[in-house]
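Note on naming: letters A, B, ... go to the chains in the order of the sequence lines (proteins, then strands), and numbering restarts at 1 for each one.
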Number of protein chains: 4
Amino acid sequence: MNDVKPRGRPPSTAAREKALAAAHAILMEEGFGRLTVEAVAARSGVGKATLYRNWTNACELAMAALIDGVPLAQPGGETGLKAALTAQMQALVQAFATTRGRQIAMTLAAADPESEMTRAFRNRVILSSREAGRNLIIEAARCGEVPPPADIDTLLDMVYGPVFYRILAGHQPLNAVFAERLADNAVTILTAARP
Amino acid sequence: MNDVKPRGRPPSTAAREKALAAAHAILMEEGFGRLTVEAVAARSGVGKATLYRNWTNACELAMAALIDGVPLAQPGGETGLKAALTAQMQALVQAFATTRGRQIAMTLAAADPESEMTRAFRNRVILSSREAGRNLIIEAARCGEVPPPADIDTLLDMVYGPVFYRILAGHQPLNAVFAERLADNAVTILTAARP
Amino acid sequence: MNDVKPRGRPPSTAAREKALAAAHAILMEEGFGRLTVEAVAARSGVGKATLYRNWTNACELAMAALIDGVPLAQPGGETGLKAALTAQMQALVQAFATTRGRQIAMTLAAADPESEMTRAFRNRVILSSREAGRNLIIEAARCGEVPPPADIDTLLDMVYGPVFYRILAGHQPLNAVFAERLADNAVTILTAARP
Amino acid sequence: MNDVKPRGRPPSTAAREKALAAAHAILMEEGFGRLTVEAVAARSGVGKATLYRNWTNACELAMAALIDGVPLAQPGGETGLKAALTAQMQALVQAFATTRGRQIAMTLAAADPESEMTRAFRNRVILSSREAGRNLIIEAARCGEVPPPADIDTLLDMVYGPVFYRILAGHQPLNAVFAERLADNAVTILTAARP
DNA sequence: TGCTAAGCGAGACGGTACGTCCAGTCTTTTG
DNA sequence: CAAAAGACTGGACGTACCGTCTCGCTTAGCA
């Protein structure tokens with residue numbers, strides 16, 4: 001077993017929470033560029049050393065702050081793949097068509113791609129909706145609503161990738177119509193699979 | 001007309017070129033995080049003041065350095081939309097499946113979205129391939145090869161967005177098969193338009 | 001002979017005058033620390049190259065600007081060495097108990113002591129009053145009013161040095177009483193010379 | 001009382017000492033003009049921020065470096081005001097007839113006259129010898145060696161001012177004979193007081 | 001109850017880069 | 001051909017954060 005009681009004062013969860021709250025507030029109010037370790041320390045009242053004890057740099061702290069609060073698409077009672085996918089995409093687009101969306105993209109771009117925290121952030125924030133979509137499609141295929149997809153990963157990227165593409169490039173708006181069209185086209189690809 | 005001869009010493013194109021070359025080298029050798037104005041000045045022998053006279057910050061300098069050197073998809077003599085699109089996507093994926101790809105994504109994420117330079121960078125580096133794809137599709141529709149697309153913007157985002165999605169999230173590799181599948185699915189959507 | 005007609009556009013005395021005027025204004029309004037070549041160029045409309053053609057650096061330009069305008073003690077019709085010396089010292093103290101006094105001290109301290117311009121500045125601005133005092137004393141000795149001084153240079157330094165000492169150290173004010181006491185003590189030293 | 005324990009890491013005296021030593025070395029080897037904050041940081045290994053935490057600019061740093069190391073005139077066992085004063089003046093002249101003398105004058109001229117550090121510098125470096133001289137004279141008057149001086153401040157300025165005058169203007173050398181003559185004249189003024 | 005280990009805030013430390021200012025030089029066009 | 005205009009390299013400025021390191025003070029489990 002590995003539950004040897006550690007000696008000494010235990011790490012303070014209060015400090016972690018205050019730090020995350022301050023980081024989140026700075027991200028929303030001032031943006032990723034202002035999210036410095038020093039600023040979080042000053043705003044939260046947590047010492048810099050404590051921050052470095054919990055996160056290796058400001059970027060990881062940002063990711064930790066952003067992980068909480070991304071609303072997971074609740075299943076919903078939609079009937080039919082198209083309706084369910086459309087609902088999920090609209091929720092996603094709404095969640096990312098905000099300040100937070102761009103902050104998330106910037107954070108991910110700046111993060112060390114090898115880091116453990118980056119992996120967790122990707123899975124929890126970027127790819128969780130993609131996995132939800134995968135489940136919808138697999139379920140629909142299991143029910144015989146659509147044929148089993150040939151390359152589901154590419155398909156998923158074609159549904160979820162455009163959202164981040166528009167956040168990054170900003171050439172077109174993120175809105176409900178866009179979400180619907182993405183879902184539509186996904187179903188088109190699925191059903192047009194050669195029999 | 002507004003072609004009054006400017007007085008004083010004209011800006012040195014040599015300085016600009018040296019700066020861009022140094023910036024490009026740093027980007028490729030050390031990454032976007034090391035592209036500081038100071039480093040470019042030191043490496044290029046160009047004064048910091050001259051750099052600030054030409055670009056407002058290191059990020060714009062990075063964009064300027066990245067604008068040159070992105071290979072535009074040459075038209076190619078492919079016959080048929082699917083072949084042409086596949087060829088273009090494979091070239092794009094090859095171009096971005098490198099260090100440069102991630103650097104470009106990071107640069108764009110870090111850039112001020114309102115800046116003039118950012119707009120130019122987006123158009124020249126991120127969206128130029130998208131416009132090439134648009135031309136391919138419009139031409140195919142004009143020839144009657146496919147029906148005229150209902151929402152070509154969403155369709156284009158579904159083709160080009162996934163490339164940047166994979167660069168950013170890194171959950172799946174960028175390779176030729178992926179490029180082909182994207183092109184395939186795009187044609188599927190186009191041809192499946194309601195009869 | 002050396003009067004070969006110079007070819008080309010003759011040096012502009014107007015440029016020199018504008019430069020000196022601007023330098024003087026900056027010295028009085030903003031102080032010696034703000035007297036940069038760039039500031040003089042900007043304020044006077046004279047090109048930097050022209051300034052460097054006429055003065056080797058900002059400090060020399062400052063000295064040139066300060067040379068003009070120091071009021072030479074007019075002989076005055078005072079009778080008697082003590083009265084004449086007192087009058088002269090009071091005029092001097094009045095002239096240096098201003099912004100200009102401190103600027104002059106700073107300029108001299110910052111100047112290259114070997115430079116030609118520094119020598120001229122010293123002679124015209126710092127030492128001219130000392131020479132006037134020397135003349136007063138020599139004249140008085142010639143008239144038999146006082147014995148011929150043993151070491152007139154030390155005596156002169158004891159009269160004029162304290163003025164700059166107080167400017168530099170600022171431990172005591174420069175005023176008319178001080179000027180009078182200096183003159184008194186000088187006469188005391190002169191008359192107390194052992195016969 | 002006001003002895004609240006300071007929180008946080010205490011300032012490092014080692015850093016201060018290293019900085020002062022480096023500043024002093026630069027002053028002596030390269031002169032006041034080369035005493036930049038950057039140079040002190042580079043030479044001492046102390047961070048720039050630490051320097052700015054302790055001194056507001058390079059000039060104050062220079063003054064701090066010059067304060068230490070000015071040899072205070074040791075009382076000496078001279079008998080008689082004239083001998084004592086001569087000895088003190090000769091020591092002073094010897095101390096200032098070096099590179100240091102001019103550096104000190106330049107530093108004082110360049111300093112902000114209002115600053116706390118400037119005041120300390122003046123008192124410790126410029127005026128300390130003057131106060132020593134004041135004590136000699138007061139003591140001699142107390143012993144009945146000379147009459148009590150009418151205006152001791154002016155007298156002191158006439159003794160010590162000429163030293164800085166010669167440093168600044170450089171029209172005459174600083175040497176032992178000059179020191180002796182200053183002391184002589186001072187005693188002459190003192191003893192010639194109205195009977 | 002006291003000991004001891006570890007986390008805590010605060011804040012100074014050596015650094016790196018920032019963006020600005022100015023020095024002094026060089027290269028244009030204008031008078 | 002000199003003056004003016006102004007861009008150039010170079011270097012110091014003073015600031016902001018970085019990530020590390022003492023400090024003195026909790027806050028716990030262990031003795």
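- When the P atom of dG19(E) is taken as reference, atom CG of N57(B) falls 6 Å away, rounded to whole Å.
- Atom CZ of R43(D) is separated from atom C1' of dG15(E) by 20 Å (rounded to the nearest Å).
- Separating the CG atom of D112(A) from the P atom of dG19(F) is a distance of 13 Å, rounded to the nearest angstrom.
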remark   = Per-nt protein contacts along nucleotides 8-13 of chain F (heavy atom under 4.0 Å; B base, S backbone sugar-phosphate only, - none) come out as BBB-BB

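- Separating the CE atom in M106(C) from the CG atom in L27(C) is a distance of 9.5 Å, to the nearest 0.5 Å.
- Atoms CE and SG, on M63(B) and C59(B) in that order, are 4.5 Å from each other to the nearest 0.5 Å.
- Distance check: I167(B) CD1 to L108(A) CG gives 12.0 Å after rounding to the nearest 0.5 Å.
- A donor-acceptor contact shorter than 3.5 Å links the side chain of T118(A) to the backbone of D112(A).
- Rounding to the nearest 0.5 angstrom, the gap separating the CG atom in L61(A) from the CE atom in M117(A) is 8.5 Å.
- Contact between A62(D) and L35(D) at its shortest, heavy atoms only, is CB-CD2, 3.2 Å.
- As a whole-Å value, the separation of R34(B) CZ from dG15(E) C1' is 13 Å.
- For the pair L61(D) CG and dG14(F) P, the computed distance is 11 Å after rounding to whole Å.
- How far CG of L51(A) is from CG of L20(A): 9.5 Å, rounded to the nearest 0.5 Å.
- Pairs of residues two or more places apart, or lying in two chains, that qualify as side-chain hydrogen bond (donor to acceptor under 3.5 Å, both in side chains) and include a residue from residues 29-40 of chain D are E29(D)-R43(D), E38(D)-K48(D).
- Whole-Å rounding puts the F32(B) CZ to dA17(E) C1' distance at 14 Å.
- Between its two ends, the helix from dT1(E)-dA31(F) to dG31(E)-dC1(F) turns its axis by 10°, counting five pairs per end and rounding to 10 degrees.
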